[in-house]
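For reference, the structure is listed below as C-alpha cells.
Within every chain, numbering begins at 1; the chains are lettered A, B, ... in the order of the sequence lines, protein sequences first and strands thereafter. No experiment lies behind these values; they were computed from the predicted model shown.
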There are 2 protein chains.
Amino acid sequence: MSQHRHPGAPGRAGAVPALPDLPEATVARLPEYLRALHALADTGHETVSSEGLANAAGVNSAKLRKDLSHLGSYGTRGVGYDVTLLIEQIESVLGLTQCRSVALVGVGNLGHALAGYDGFASRGFRIAALFDADPSRVGEEINGLVVRHVDDLARVAVEESISIGVIATPAPAAQAVADQLVAVGVTSILNFAPCVLSVPEGVDVRKVDLAIELQILSFHEHRKASLTALPGGLAATDTQEAIGT
Amino acid sequence: MSQHRHPGAPGRAGAVPALPDLPEATVARLPEYLRALHALADTGHETVSSEGLANAAGVNSAKLRKDLSHLGSYGTRGVGYDVTLLIEQIESVLGLTQCRSVALVGVGNLGHALAGYDGFASRGFRIAALFDADPSRVGEEINGLVVRHVDDLARVAVEESISIGVIATPAPAAQAVADQLVAVGVTSILNFAPCVLSVPEGVDVRKVDLAIELQILSFHEHRKASLTALPGGLAATDTQEAIGT
DNA sequence: AGGCGCTTGTGAAGAGGTGCACAAATCGCG
DNA sequence: CGCGATTTGTGCACCTCTTCACAAGCGCCT
C-alpha cells in the first residue's frame, strides 16, 4: 500500500450527496469488478449474480457483496445486479465519468511502453503529454504525441489540465520530477521508479515496482521448494508446528 | 491481493532450519527494505537504525522492527542493524541467493519494455527466454535475446530451468499461456494481462494492472475534489500527518 | 394469492495488521 | 566498574478486512 491518510474523516462531512468513505481495500477492488462487468456487458449479459461476478473478478462472493453494499443497494434480491447500472455506479464512484488527463514523465524503456499502452485510453484516461529530460529524446513522436522537455512541464500541465502524473524516470530523477509535478498542482502520482517519494500531505502516491513483484514470487517459490524438499513428501503430517518463535 | 491459497498442506512440516512463516504483509515489504539497504551500503553505511532504515523505505519504524523481528534477531540494541548482514538475511529469506530464470511471454509494447528493464537483472533475476505467438516477431532480437515461438516454450523452459513466468500478452491469450506455463512446471506467474487467471492449487499468481492503479488514483482525486468543494471548507490543514521522510 | 427457490444485504465473529509504549540489552565514557 | 544514552524487540490494544451464516426481499410458478 502507499501513503494514504485522509484526515478530515472524523468530522463527518455534512450534506454532500454521496461521500461513501469506502474502505481502501474495497476501492482497490472496484476497478477489477469494473473490468469484469465490461466483459460481461460485451458478451450480452444484462444481469449478473454476486457469485458470477465474483468468479469473473477472482474474489469471494461475500466480499464482493460487502464491497458493493458500501456504495448502496444496486442489486435485486433473487435476481442479481444490473450490469449496466452497476457499471455506471462504479464509474461514478471512481470518478471516471470525466476523462482524466495524464502526464507521463520519462520516455525510456518503460515510459515508451506506457505511452503506447492502450489499456489507459480504454479505461477513460488520456495521456496528454510526454516529457523527458534527455534533449536527444525531445521532439520524438510516440503514438501521436511529441516528447517535450521536462522544463516545459509547468506550462503544458496547465494547458492540458493534467490531473495525474506518471513517473517512469530512473530512480535518481524521480524525486525532482515529483516535486515539479506537485508544484504544478498535481495531487496524484503513479511512480514506477524504484525509490520512495516524499510529497506534501494531500498528494497521493502509488508505487509500482516490477522487481518487487518478482521478489515476492521468489519468496513463495523458495518456500515451496523448501517444503517439497522435505522427507516423506508433503503428506507427512506427523511432524507439525514445531516452529515456535 | 492475488491468489495465495496453500490449503492442501495443513501440516506444514517444521524440521527445516528456518521456515519463518512470515506474514504476507511483511514479505511484501522486505524487497523495499532490501532496496533501501543496498542504497545505504552503496553510500558507505555499515550500520543503520530502525528509524533510519524505516525512513529510507518509507514506513513506520515500529513496523520495520516488527517485520525484521520475524526473521530473527539480527540487530544490536543501542547500535542498530548491520547493513551487510541484514542484506544477506533478507536475500536468503526471499530466496534470492540463487539467480532465478524468468521466461517472458508476449513481446508487444509492454513485453518489449520488460525485456529491456535492467531492474530485473540488478535484483538477481535473469530473463532467460522471450516468447511470442506472432510469427513476424519470432526471431527478433531484444537485448541480446532472440524471440522464440511460444510453441517452443516447453522445450526451452526445461533447458533454461525456468522458475518464474511473466505474462505480457493481450488478455485473451493470457489464460492459454498460463496453462502452458503450468504444464511445464512453472509455479510462479507474474501477470500483466488485465484478466483473471485460473491456475491449479500450488501455483502463485501475482497481478499487475497498470490501468487499475490509475483508477485508484482517480478515486482519490475525485474524492479530494468533492471535499474541497465543500462549504465548511474544513481544509486538510488541521491534521499534519508528516508522511515518512 | 400463496408458496417456493434464489439472491442480496448485513450482523457478528474471527483473522490479520498496525502502532504505542516500555522493558531489555548494548555501547561508550567517566 | 557502573551509569546513562541509545536502540532493539515485543506485549497489548486498536483497527481494518475477511468470512460465515442467515434474515429479508424478490420473482416465478402453480
Side-chain angles (χ1 to χ4, degrees), chain A residues 1-7 9-10 20-30 32-33 37 40 45-83 85-86 89 216 244-245, chain B residues 1-7 10 20-30 32-33 37 40 45-83 85-86 89 216 239 241-244:
Chain A
M1 258 171 262
S2 56
Q3 315 144 347
H4 282 295
R5 222 47 330 150
H6 297 282
D21 203 21
L22 300 175
E24 263 309 302
T26 296
V27 174
R29 282 186 295 264
L30 286 182
E32 196 73 42
Y33 302 157
L37 283 167
L40 286 168
H45 295 71
E46 298 202 348
T47 65
V48 64
S49 69
S50 65
E51 190 74 27
L53 183 53
N55 284 344
V59 301
N60 184 308
S61 72
K63 196 188 300 191
L64 178 126
R65 286 200 300 276
K66 182 143 291 188
D67 282 342
L68 294 187
S69 77
H70 283 124
L71 22 127
S73 285
Y74 294 106
T76 308
R77 300 179 187 223
V79 177
Y81 299 90
D82 182 291
V83 173
L85 176 62
L86 199 48
Q89 280 304 320
I216 296 174
T245 304
Chain B
M1 301 295 158
S2 57
Q3 313 146 345
H4 281 294
R5 254 337 43 109
H6 302 276
D21 204 21
L22 300 175
E24 260 317 295
T26 296
V27 174
R29 282 187 295 264
L30 286 182
E32 195 74 43
Y33 302 158
L37 284 166
L40 287 168
H45 295 71
E46 297 202 347
T47 65
V48 65
S49 69
S50 66
E51 189 74 29
L53 182 53
N55 284 347
V59 301
N60 183 307
S61 72
K63 196 188 302 190
L64 178 127
R65 286 199 299 275
K66 185 150 294 189
D67 282 342
L68 294 188
S69 77
H70 282 124
L71 22 128
S73 286
Y74 294 106
T76 307
R77 301 184 186 215
V79 177
Y81 299 91
D82 181 291
V83 172
L85 176 62
L86 199 49
Q89 280 304 319
I216 297 174
T239 54
E241 185 77 6
I243 27 188

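Residues in residues 66-75 of chain B take part in these salt bridge (charged side-chain N to carboxylate O under 4.0 Å, His left out) pairs, two or more places apart or across chains: R29(B)-D67(B).
Rounded to 10 degrees, the angle separating the terminal axes of the helix from dA1(C)-dT30(D) to dG30(C)-dC1(D) is 0°, with each axis obtained from five end pairs.
Checking the phosphate oxygens (OP1, OP2) of dT7(C), no side-chain nitrogen or oxygen of S49(A) falls inside 4.0 Å. OP1 or OP2 of dG9(C) lies within a sub-4.0 Å distance of a side-chain N or O belonging to Y81(A). Phosphate proximity of dG9(D) to K66(B): absent, as no side-chain N or O sits under 4.0 Å from OP1 or OP2. Contact annotation: S50(B) side-chain N/O to dT7(D) OP1/OP2 distance is not under 4.0 Å.
Between the NZ atom of K63(A) and the P atom of dG9(C) there is a distance of 18 Å, rounded to whole Å. With rounding to whole Å, L71(A) atom CG is found 11 Å from dT10(C) atom P. Straight-line distance from the CG atom of D82(A) to the C1' atom of dG27(D): 16 Å, rounded to whole Å. Between L86(A) atom CG and dG9(C) atom C1' the separation is 14 Å, expressed in whole Å. Here dT18(C) presents its C1' atom at 13 Å from CG of L64(B), a figure rounded to the nearest Å. Atom OH in Y33(A) sits roughly 13 Å away from atom P in dT8(C) (whole-Å rounding). Atom P of nucleotide dC20(D) and atom CD of E51(A) are separated by 12 Å, given to the nearest angstrom. The separation between H70(B) atom NE2 and dT10(D) atom P is 9 Å, rounded to whole Å.
When all heavy atoms of Y74(B) and Y81(B) are compared, the closest pair comes out as O-CD2, 3.7 Å. Of all heavy-atom pairs between V59(B) and L64(B), the closest is CG2-CB, 4.2 Å. In plain terms, the two heavy atoms of Y33(A) and A57(A) that are nearest each other are CD2-CB, 3.7 Å. Nearest heavy-atom pair, V48(B) versus L53(B), reported as atom, atom and distance to 0.1 Å: CG2-N, 3.5 Å. Taking all atoms of both residues into account, the shortest heavy-atom contact from H70(B) to L22(B) is CB-CD2, 3.6 Å. Taking both residues in full, the closest heavy atoms of S61(A) and S50(A) are given as CB-O, 4.0 Å, listed atom of the first, atom of the second, then distance.
For P23(A), the listed nucleotide lying nearest its side chain is dC17(D); candidates were dT18(D), dG17(C), dC17(D).
If you take CG on L68(A) and NZ on K63(A), they are separated by 13.0 Å, rounding to the nearest 0.5 Å. One distance of note links CD of E32(B) with CG of L37(B); it measures 11.0 Å at 0.5 Å rounding.
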Sugar-phosphate or base contact per nucleotide [nucleotides 22-30 of chain C; S, B, -; heavy atom under 4.0 Å]: --BBBS---
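Across all strands, T26(A) comes closer than 4.0 Å to no nucleic acid atom at all (heavy-atom distances).
Under the 4.5 Å side-chain criterion, counting only non-hydrogen atoms from C-beta, T47(B) is not in contact with T76(B).
The 5' end of DNA chain D is approached more closely, in terms of each residue's nearest nucleotide, by V48(B) than by the other of V48(B) and D67(A).
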